[in-house]
Amino acid sequence: MTIAVIGSNMVDLISYIESMPNPGQTLEAPDFSIGFGGKGANQAVACAKCGADVFMLTKVGSDIFGQHTLDNLKSYNIDTSCCSIVEGMSSGVAPIFVDKNSQNSILIIKGANNCLSKADIDKATDKLKACSLIILQLEISLDTVYYAIEFGHKHNIPVLLNPAPADPNLDLDKIKYCTFFMPNESELNSLTKMSVDTDEDVVKACQYLVNAGITNIIVTMGSRGSMWVNKDGFKKLDAFKVKAIDTTGAGDAFIGGFSYHYSNSKDIIEAMRFGSAFAALSVTKRGTQKSYPTKEEVLQFLQNN
Ligand code: RIB
(Lines give C-alpha, C1' and ligand atoms only; values in the text may rest on other atoms or scores of the structure.)
Protein backbone atom coordinates (compact mmCIF):
# COMPACT_ATOMS: atom_id res chain seq x y z
CA MET A 1 0.00 0.00 0.00
CA THR A 2 1.51 3.27 -1.14
CA ILE A 3 0.81 6.65 0.43
CA ALA A 4 0.83 9.64 -1.94
CA VAL A 5 1.91 13.10 -0.84
CA ILE A 6 1.01 15.90 -3.24
CA GLY A 7 2.69 18.96 -1.80
CA SER A 8 5.57 21.15 -0.94
CA ASN A 9 9.25 20.91 -0.21
CA MET A 10 11.42 23.62 1.31
CA VAL A 11 14.97 24.07 2.50
CA ASP A 12 14.74 25.06 6.17
CA LEU A 13 17.16 27.76 7.32
CA ILE A 14 16.81 27.50 11.09
CA SER A 15 18.16 30.20 13.41
CA TYR A 16 18.13 29.41 17.11
CA ILE A 17 17.55 32.79 18.77
CA GLU A 18 17.37 34.42 22.20
CA SER A 19 14.99 37.09 20.90
CA MET A 20 13.86 38.63 17.59
CA PRO A 21 15.72 41.78 16.46
CA ASN A 22 13.71 45.01 16.38
CA PRO A 23 13.61 46.95 13.08
CA GLY A 24 17.08 48.47 12.49
CA GLN A 25 18.71 46.32 15.18
CA THR A 26 21.43 43.70 14.62
CA LEU A 27 21.45 40.86 17.12
CA GLU A 28 23.71 37.84 17.40
CA ALA A 29 21.94 34.47 17.60
CA PRO A 30 23.59 31.46 19.21
CA ASP A 31 23.16 28.87 16.46
CA PHE A 32 22.05 28.02 12.92
CA SER A 33 21.20 24.84 11.07
CA ILE A 34 20.13 24.03 7.52
CA GLY A 35 17.97 21.03 6.68
CA PHE A 36 15.32 19.63 4.37
CA GLY A 37 11.77 20.63 5.21
CA GLY A 38 8.48 21.75 3.71
CA LYS A 39 5.23 20.39 5.06
CA GLY A 40 4.69 17.97 2.17
CA ALA A 41 8.23 16.60 2.15
CA ASN A 42 8.25 16.33 5.96
CA GLN A 43 5.05 14.29 5.91
CA ALA A 44 6.41 12.10 3.10
CA VAL A 45 9.66 11.47 4.99
CA ALA A 46 7.75 10.74 8.23
CA CYS A 47 5.63 8.12 6.42
CA ALA A 48 8.75 6.62 4.83
CA LYS A 49 10.64 6.47 8.14
CA CYS A 50 7.72 4.45 9.53
CA GLY A 51 8.20 1.96 6.70
CA ALA A 52 5.48 3.06 4.26
CA ASP A 53 5.93 3.06 0.49
CA VAL A 54 5.61 6.72 -0.48
CA PHE A 55 4.96 8.43 -3.81
CA MET A 56 5.64 12.17 -3.81
CA LEU A 57 4.50 14.78 -6.30
CA THR A 58 6.41 18.04 -5.85
CA LYS A 59 8.42 20.62 -7.82
CA VAL A 60 11.84 22.09 -7.06
CA GLY A 61 13.74 25.03 -8.52
CA SER A 62 16.79 25.02 -10.78
CA ASP A 63 18.99 26.51 -8.01
CA ILE A 64 21.55 24.79 -5.78
CA PHE A 65 18.79 23.34 -3.55
CA GLY A 66 16.61 21.65 -6.19
CA GLN A 67 18.53 18.49 -7.04
CA HIS A 68 19.66 18.04 -3.40
CA THR A 69 16.02 18.12 -2.31
CA LEU A 70 15.09 15.39 -4.79
CA ASP A 71 18.14 13.34 -3.77
CA ASN A 72 17.11 13.68 -0.13
CA LEU A 73 13.63 12.30 -0.88
CA LYS A 74 15.18 9.44 -2.86
CA SER A 75 17.48 8.64 0.09
CA TYR A 76 14.31 7.63 2.01
CA ASN A 77 13.21 5.44 -0.94
CA ILE A 78 10.43 7.89 -1.79
CA ASP A 79 9.23 7.54 -5.39
CA THR A 80 10.08 10.88 -7.06
CA SER A 81 9.58 9.67 -10.65
CA CYS A 82 6.91 12.33 -11.33
CA CYS A 83 8.76 15.20 -9.59
CA SER A 84 10.49 17.81 -11.70
CA ILE A 85 12.84 20.79 -11.70
CA VAL A 86 11.35 24.12 -12.86
CA GLU A 87 13.93 26.02 -14.93
CA GLY A 88 14.47 29.60 -13.81
CA MET A 89 12.56 29.23 -10.54
CA SER A 90 14.00 29.18 -7.04
CA SER A 91 13.30 26.23 -4.77
CA GLY A 92 11.03 26.68 -1.78
CA VAL A 93 12.89 28.01 1.27
CA ALA A 94 11.80 28.57 4.85
CA PRO A 95 13.68 30.90 7.20
CA ILE A 96 12.73 29.60 10.68
CA PHE A 97 13.35 31.12 14.12
CA VAL A 98 13.32 28.84 17.15
CA ASP A 99 13.27 30.66 20.50
CA LYS A 100 14.58 29.55 23.88
CA ASN A 101 11.13 28.10 24.74
CA SER A 102 11.49 25.82 21.69
CA GLN A 103 8.65 27.63 19.87
CA ASN A 104 9.09 28.36 16.17
CA SER A 105 8.14 31.18 13.79
CA ILE A 106 8.30 30.31 10.10
CA LEU A 107 8.41 32.34 6.89
CA ILE A 108 7.90 30.47 3.62
CA ILE A 109 8.93 31.45 0.11
CA LYS A 110 7.13 28.91 -2.07
CA GLY A 111 9.23 29.28 -5.25
CA ALA A 112 8.77 26.27 -7.55
CA ASN A 113 6.10 24.79 -5.24
CA ASN A 114 3.71 27.30 -6.79
CA CYS A 115 4.15 25.58 -10.17
CA LEU A 116 2.69 22.22 -9.12
CA SER A 117 -0.45 22.12 -11.26
CA LYS A 118 -3.54 20.11 -12.14
CA ALA A 119 -1.65 18.87 -15.22
CA ASP A 120 0.98 17.31 -12.93
CA ILE A 121 -1.77 15.37 -11.17
CA ASP A 122 -3.14 14.24 -14.54
CA LYS A 123 0.33 13.08 -15.61
CA ALA A 124 0.66 11.04 -12.41
CA THR A 125 -2.83 9.49 -12.65
CA ASP A 126 -1.69 5.86 -12.89
CA LYS A 127 0.67 6.15 -9.92
CA LEU A 128 -1.92 8.02 -7.83
CA LYS A 129 -4.70 5.54 -8.58
CA ALA A 130 -2.56 2.81 -7.01
CA CYS A 131 -2.29 4.70 -3.68
CA SER A 132 -4.29 4.00 -0.53
CA LEU A 133 -4.22 7.56 0.82
CA ILE A 134 -3.48 11.02 -0.60
CA ILE A 135 -2.00 13.61 1.77
CA LEU A 136 -2.24 17.35 0.99
CA GLN A 137 -1.21 20.63 2.63
CA LEU A 138 -1.57 24.30 1.60
CA GLU A 139 1.96 25.22 0.48
CA ILE A 140 0.98 24.70 -3.18
CA SER A 141 -1.74 26.44 -5.19
CA LEU A 142 -5.28 26.05 -3.82
CA ASP A 143 -6.55 25.07 -7.28
CA THR A 144 -4.16 22.12 -7.32
CA VAL A 145 -5.28 21.12 -3.82
CA TYR A 146 -8.97 21.21 -4.82
CA TYR A 147 -8.22 19.20 -7.96
CA ALA A 148 -6.38 16.57 -5.91
CA ILE A 149 -9.37 16.29 -3.55
CA GLU A 150 -11.71 15.80 -6.55
CA PHE A 151 -9.28 13.20 -7.91
CA GLY A 152 -9.35 11.27 -4.64
CA HIS A 153 -13.14 11.46 -4.48
CA LYS A 154 -13.54 10.31 -8.10
CA HIS A 155 -11.20 7.35 -7.63
CA ASN A 156 -12.38 6.40 -4.15
CA ILE A 157 -9.05 7.17 -2.50
CA PRO A 158 -9.21 8.68 1.00
CA VAL A 159 -7.72 12.17 1.22
CA LEU A 160 -6.10 13.76 4.28
CA LEU A 161 -5.90 17.55 4.11
CA ASN A 162 -3.59 19.40 6.49
CA PRO A 163 -4.78 23.04 6.08
CA ALA A 164 -1.34 24.51 6.80
CA PRO A 165 -0.35 27.23 6.61
CA ALA A 166 -3.80 28.64 7.41
CA ASP A 167 -5.60 30.11 4.40
CA PRO A 168 -8.73 32.14 5.14
CA ASN A 169 -9.81 31.64 1.50
CA LEU A 170 -10.15 27.88 1.88
CA ASP A 171 -13.54 26.92 0.41
CA LEU A 172 -15.31 24.51 2.76
CA ASP A 173 -17.51 23.29 -0.05
CA LYS A 174 -14.48 22.15 -2.04
CA ILE A 175 -12.81 20.30 0.84
CA LYS A 176 -15.79 18.40 2.19
CA TYR A 177 -14.81 15.22 0.36
CA CYS A 178 -11.67 14.82 2.46
CA THR A 179 -11.77 11.81 4.76
CA PHE A 180 -9.53 13.57 7.27
CA PHE A 181 -9.12 17.28 7.90
CA MET A 182 -6.13 17.91 10.20
CA PRO A 183 -5.51 21.49 11.36
CA ASN A 184 -3.69 22.68 14.47
CA GLU A 185 -5.59 24.94 16.89
CA SER A 186 -4.53 28.21 15.24
CA GLU A 187 -5.49 26.94 11.76
CA LEU A 188 -8.85 25.81 13.17
CA ASN A 189 -9.34 29.27 14.67
CA SER A 190 -8.39 31.04 11.45
CA LEU A 191 -10.85 28.97 9.42
CA THR A 192 -13.83 29.03 11.77
CA LYS A 193 -13.15 32.38 13.52
CA MET A 194 -14.19 30.54 16.71
CA SER A 195 -12.33 30.35 20.01
CA VAL A 196 -10.04 27.35 20.53
CA ASP A 197 -8.88 28.18 24.05
CA THR A 198 -10.41 25.17 25.79
CA ASP A 199 -11.07 21.60 24.68
CA GLU A 200 -14.78 22.43 24.68
CA ASP A 201 -14.10 25.37 22.32
CA VAL A 202 -12.10 23.10 20.01
CA VAL A 203 -14.94 20.57 19.87
CA LYS A 204 -17.45 23.34 19.06
CA ALA A 205 -15.26 24.74 16.28
CA CYS A 206 -14.87 21.23 14.84
CA GLN A 207 -18.62 20.65 15.02
CA TYR A 208 -19.06 23.74 12.86
CA LEU A 209 -16.89 22.01 10.23
CA VAL A 210 -18.76 18.71 10.67
CA ASN A 211 -22.00 20.63 9.98
CA ALA A 212 -20.34 22.02 6.85
CA GLY A 213 -19.93 18.43 5.63
CA ILE A 214 -16.40 17.42 6.70
CA THR A 215 -16.29 13.83 7.96
CA ASN A 216 -13.39 13.58 10.42
CA ILE A 217 -11.55 16.49 11.97
CA ILE A 218 -8.39 15.73 13.93
CA VAL A 219 -6.85 18.76 15.65
CA THR A 220 -3.19 18.60 16.66
CA MET A 221 -2.70 20.74 19.77
CA GLY A 222 0.95 20.23 20.71
CA SER A 223 1.38 19.64 24.44
CA ARG A 224 -2.44 19.80 24.82
CA GLY A 225 -2.77 16.53 22.85
CA SER A 226 -5.03 15.83 19.89
CA MET A 227 -8.79 15.81 19.34
CA TRP A 228 -10.89 13.77 16.91
CA VAL A 229 -14.39 15.03 16.13
CA ASN A 230 -16.98 13.54 13.78
CA LYS A 231 -20.78 13.43 13.61
CA ASP A 232 -20.91 10.80 16.36
CA GLY A 233 -18.96 12.76 18.99
CA PHE A 234 -15.37 13.46 19.99
CA LYS A 235 -12.34 11.77 21.51
CA LYS A 236 -9.35 13.53 23.09
CA LEU A 237 -5.92 11.97 23.39
CA ASP A 238 -3.36 13.44 25.81
CA ALA A 239 0.11 14.26 24.49
CA PHE A 240 3.12 12.25 25.67
CA LYS A 241 5.24 14.23 28.12
CA VAL A 242 8.74 14.89 26.77
CA LYS A 243 11.33 17.66 27.06
CA ALA A 244 10.83 19.75 23.91
CA ILE A 245 13.96 21.19 22.26
CA ASP A 246 12.57 22.20 18.85
CA THR A 247 8.91 21.80 17.85
CA THR A 248 9.46 22.59 14.14
CA GLY A 249 7.77 19.96 11.96
CA ALA A 250 5.99 18.26 14.89
CA GLY A 251 2.58 18.58 13.21
CA ASP A 252 3.99 17.00 10.05
CA ALA A 253 5.50 14.21 12.17
CA PHE A 254 2.06 13.50 13.69
CA ILE A 255 0.47 13.37 10.23
CA GLY A 256 3.16 11.03 8.86
CA GLY A 257 2.90 8.65 11.81
CA PHE A 258 -0.90 8.78 11.74
CA SER A 259 -1.06 8.12 7.99
CA TYR A 260 1.29 5.16 8.12
CA HIS A 261 -0.60 3.56 11.00
CA TYR A 262 -4.08 4.32 9.67
CA SER A 263 -3.20 2.94 6.22
CA ASN A 264 -2.36 -0.37 7.84
CA SER A 265 -4.82 -0.56 10.74
CA LYS A 266 -7.80 1.64 9.74
CA ASP A 267 -7.95 2.34 13.49
CA ILE A 268 -8.18 6.12 13.99
CA ILE A 269 -7.47 6.23 17.73
CA GLU A 270 -4.47 3.90 17.53
CA ALA A 271 -3.18 5.85 14.52
CA MET A 272 -3.48 9.09 16.54
CA ARG A 273 -1.54 7.47 19.38
CA PHE A 274 1.20 6.37 16.98
CA GLY A 275 1.32 9.83 15.35
CA SER A 276 1.46 11.45 18.76
CA ALA A 277 4.42 9.26 19.82
CA PHE A 278 6.20 9.96 16.52
CA ALA A 279 5.70 13.72 17.06
CA ALA A 280 6.74 13.57 20.73
CA LEU A 281 10.06 11.96 19.80
CA SER A 282 10.62 14.50 17.01
CA VAL A 283 10.48 17.50 19.36
CA THR A 284 13.25 16.10 21.55
CA LYS A 285 15.78 16.79 18.75
CA ARG A 286 16.65 19.83 16.67
CA GLY A 287 15.53 20.26 13.07
CA THR A 288 12.57 19.04 11.05
CA GLN A 289 13.10 15.87 9.00
CA LYS A 290 16.39 15.12 10.73
CA SER A 291 14.60 15.01 14.09
CA TYR A 292 12.22 12.24 12.97
CA PRO A 293 12.54 8.87 14.72
CA THR A 294 12.52 5.42 13.14
CA LYS A 295 9.53 3.10 13.45
CA GLU A 296 11.50 0.95 15.93
CA GLU A 297 12.16 3.97 18.16
CA VAL A 298 8.45 4.82 18.13
CA LEU A 299 7.44 1.25 19.02
CA GLN A 300 9.98 1.21 21.86
CA PHE A 301 8.69 4.58 23.12
CA LEU A 302 5.09 3.34 23.04
CA GLN A 303 6.07 0.28 25.06
CA ASN A 304 7.64 2.47 27.75
CA ASN A 305 4.91 5.15 27.89
O1 RIB B 1 5.76 22.36 9.31
C2 RIB B 1 7.10 22.73 9.34
C3 RIB B 1 7.55 23.16 8.00
O4 RIB B 1 6.86 24.34 7.66
C5 RIB B 1 9.00 23.49 7.88
O6 RIB B 1 9.78 22.39 7.52
C7 RIB B 1 9.01 24.62 6.86
O8 RIB B 1 9.67 24.27 5.69
C9 RIB B 1 7.55 24.98 6.61
O10 RIB B 1 7.08 24.45 5.45
Side-chain angles (χ1 to χ4, degrees), residues 5-17 32-49 54 56-61 63 65-66 68-70 72-73 76 78 90-99 102-116 135-142 144-145 160-167 182-188 190 218-223 226 244-259 275-276 278-293:
V5 180
I6 303 176
S8 62
N9 67 85
M10 306 270 166
V11 169
D12 288 350
L13 310 166
I14 311 182
S15 298
Y16 294 91
I17 60 170
F32 172 80
S33 160
I34 189 164
F36 294 104
K39 296 182 195 303
N42 293 347
Q43 293 166 20
V45 166
C47 291
K49 286 203 81 170
V54 183
M56 173 129 201
L57 198 52
T58 194
K59 289 214 158 161
V60 297
D63 53 16
F65 295 138
H68 287 303
T69 295
L70 295 180
N72 174 60
L73 293 171
Y76 292 102
I78 294 171
S90 74
S91 294
V93 289
I96 299 177
F97 304 91
V98 179
D99 69 17
S102 76
Q103 290 307 310
N104 60 70
S105 310
I106 305 180
L107 271 173
I108 56 163
I109 297 99
K110 291 184 184 172
N113 288 296
N114 265 328
C115 300
L116 194 66
I135 307 179
L136 301 163
Q137 322 74 30
L138 301 183
E139 288 180 331
I140 56 171
S141 108
L142 261 186
T144 308
V145 170
L160 184 163
L161 173 61
N162 169 221
D167 187 334
M182 264 196 212
N184 64 19
E185 316 101 296
S186 76
E187 289 145 7
L188 180 65
S190 140
I218 297 176
V219 188
T220 54
M221 305 187 292
S223 56
S226 50
I245 305 279
D246 181 353
T247 56
T248 316
D252 302 327
F254 181 101
I255 289 167
F258 173 90
S259 300
S276 177
F278 195 96
L281 283 170
S282 81
V283 305
T284 62
K285 289 190 185 149
R286 278 185 167 190
T288 36
Q289 292 173 24
K290 58 187 169 192
S291 71
Y292 291 172

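Indexing begins at 1, ligand by ligand and atom by atom, following the structure's order. Numbers here simply count residues along the sequence, with the first being 1.
Less than 4.0 angstrom separates some heavy atom of Asp12 from each of these atoms of ligand 1: 5 (C), 6 (O), 7 (C), 8 (O). Annotation for ligand 1: atoms under 4.0 Å from non-hydrogen atoms of Gly37 are 6 (O), 8 (O). Interface of Met10 with ligand 1, defined as ligand atoms under 4.0 Å from a residue heavy atom, comprises 8 (O), 10 (O). Here is the list of ligand 1 atoms found below 4.0 Å of a heavy atom in Ala94: 7 (C), 8 (O). Within the listing of ligand 1, atoms 6 (O) sit less than 4.0 angstrom from a heavy atom of Thr288.
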Fill in: Test log, rule side-chain contact (heavy atoms from CB on, under 4.5 Å), inputs Asn114 and Lys59
CA-CA 8 Å; Asn114 265 328; Lys59 289 214 158 161; over 6 Å; no
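Here the heavy atom of the protein found nearest to atom 2 (C) of ligand 1 is Asp252 OD2, 3.3 Å. Shortest contact from atom 10 (O) of ligand 1 to any protein heavy atom: Glu139 OE2, 2.6 Å. If you check which protein heavy atom lies closest to atom 4 (O) of ligand 1, you get Lys39 NZ, 3.0 Å. In this structure, the protein non-hydrogen atom closest to atom 3 (C) of ligand 1 is Asn42 ND2, 3.7 Å.
Inspection of the Asp12 and Thr288 side chains reveals an N or O donor paired with an N or O acceptor under 3.5 Å. If you check the side chains of Asn72 and Gln289, you find a donor sitting under 3.5 Å from an acceptor. For the residue pair Asp63 and Ser91, a side-chain donor N or O sits within less than 3.5 Å of a side-chain acceptor on the partner. Lys110 and Ser141 are not linked by any side-chain donor-acceptor pair at a separation below 3.5 angstrom, with hydrogens and angles left out of the test.
Residues meeting the side chain to side chain contact (heavy atoms under 4.5 Å, CB included) test with Thr284, sequence neighbours left out: Val242.
Polar contact with ligand 1: present for Gly38 (N/O pair, distance under 3.5 Å). Residue Thr248 has no nitrogen or oxygen atom sitting less than 3.5 Å from a nitrogen or oxygen atom of ligand 1, judged on distance alone.
Looking at every heavy atom in both residues, Met182 comes nearest to Pro163 through O-CD, 3.3 Å.
Using a 4.0 Å cutoff on heavy atoms, Gly251 does not count as a contact of ligand 1.
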Identify each donor-acceptor pair in which a side-chain atom of residues 246-253 lies under 3.5 Å from a protein atom, sequence neighbours left out, and give them as a table.
unit_1	atom_1	unit_2	atom_2	d
Asp246	OD1	Thr248	N	3.0
Asp246	OD1	Thr248	OG1	2.6
Asp246	OD2	Tyr16	OH	2.9
Asp246	OD2	Gly287	N	2.9
Thr247	OG1	Ser102	O	3.0
Thr247	OG1	Asn104	ND2	3.0
Asp252	OD1	Gln43	NE2	2.9
Asp252	OD2	Asn42	ND2	2.9

